[in-house]
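Accompanying notes for the structure given below.
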Amino acid sequence: MGRGKLILIEGLDRTGKTTQCNILYKRLQPNCKLLKFPERSTRIGSLINQYLTDDSFQLSDQAIHLLFSANRWEMVDTMKKALLEGENIIMDRYVYSGVAYSAAKETNGMDLDWCLQPDIGLLKPDLTLFLSTQDVNSNAEKDGFGNERYETLNFQKKVKQTFITLLENEMRKGDESIRIVDVTNKGIHEVEALIWQIVQPVLTTHIDQNNFFFFSG
Ligand code: DGP
C-alpha cells in the first residue's frame, strides 16, 4: 500500500477555499482527513485567534509569524501518521499562506526567504491549488469580510501579489506540484469540477510509504 496524498488549497480570504475543501473532503470519504490552518483549537492556535480577532492584542510581526509556523509544526505527527495509514489529507491553507501574509506586511527584514525559514522541514504537499481571483474587490464585498485583522482591501491586494511572486518563483524552479486555478466569476460547481480534474490524477498516482517531500530553503 502506498501512502496517502497531501493536497493543499490556498488563496486569499473569501475565495471559496473552505467550501472547496469541504466538497473534496466529502468526496474522498471515508479515506480522508481535513486540516485547516490556523488550527485554532490548540493553545498556540488560540493565541493566533486572539491576534486575528482582537486588534488590541499586540504581537510583533516576527512573533505572530513564528506562532503561525509553530501551529503547523504541532500537527506534523498527526499528518505523517494519517498519510502512512494510507489516508489522504486535504488542507485549507498552509506554508504558502504563512509566507505570503507575513511578507506582504513589508516589515523590515521579513522578506520571502526569511518568512519561509521556520517552515523548512515541514511536509510538502503533493499538490497545491491556488484559487486565484482577478477581482479582489468583489471578495471584499462578501458577507463577513472585515471581521478579522487581515481583511482590508489594500492588504489583500498586497497578499495576492506576494502569493503570485512566491508561487511563480517556485514554479520557475521546476516545482510541478503547484497549480493556479482561476476562479474569477465561477460558481461553486464549476470550480469543483476544475479542481477534481487536477486532483484525480494525483490521487491515482502511487507514492511509496516512506517517500515524503519536505519544504527546503
Ligand atoms: P482563515 O481561518 O483561513 O480565514 O485564516 C485566518 C487569517 O489568517 C487569514 O486572513 C489568513 C491569515 N493566515 C493564515 N495563515 C497564516 C500564516 O501562517 N501567517 C500569517 N501571517 N497569516 C496567516
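We count ligands from 1, going down the list as the structure has it; atoms in each ligand are counted the same way.
With a heavy-atom cut-off of 4.0 Å, E151 does not touch ligand 1 at all. Residue K36 touches ligand 1 through its side chain alone, judged by heavy-atom distances below 4.0 Å. Contacts with ligand 1 closer than 4.0 Å are made by no heavy atom of S69, backbone or side chain. The proximity of L52 to ligand 1, defined as any non-hydrogen pair under 4.0 Å, is limited to the side chain.
Compare F68, Y51, Y96, Y94 by their heavy atoms: the one nearest to atom 23 (C) of ligand 1 is in F68. Across the listed options H65, R72, Q156, R149, R72 owns the non-hydrogen atom lying nearest to atom 18 (O) of ligand 1.
In this structure, N211 places its CG atom where more than 12 heavy-atom neighbours from other residues, nucleotides or ligands lie under 6.0 Å away.
In this pair, Y101 and F163 present their aromatic rings perpendicular. The plane angle is above 60°, beyond the 30 to 60° band.
The shortest contact between atom 14 (C) of ligand 1 and any protein heavy atom is with R93 CD, 3.6 Å. Looking only at protein heavy atoms, the nearest one to atom 12 (C) of ligand 1 is Y150 CD1, 3.6 Å. With respect to atom 6 (C) of ligand 1, the closest heavy atom belonging to the protein is R40 NH2, 3.4 Å.
K5 contributes a side-chain N or O that, together with a main-chain N or O of L203, makes up a donor-acceptor pair within less than 3.5 Å.
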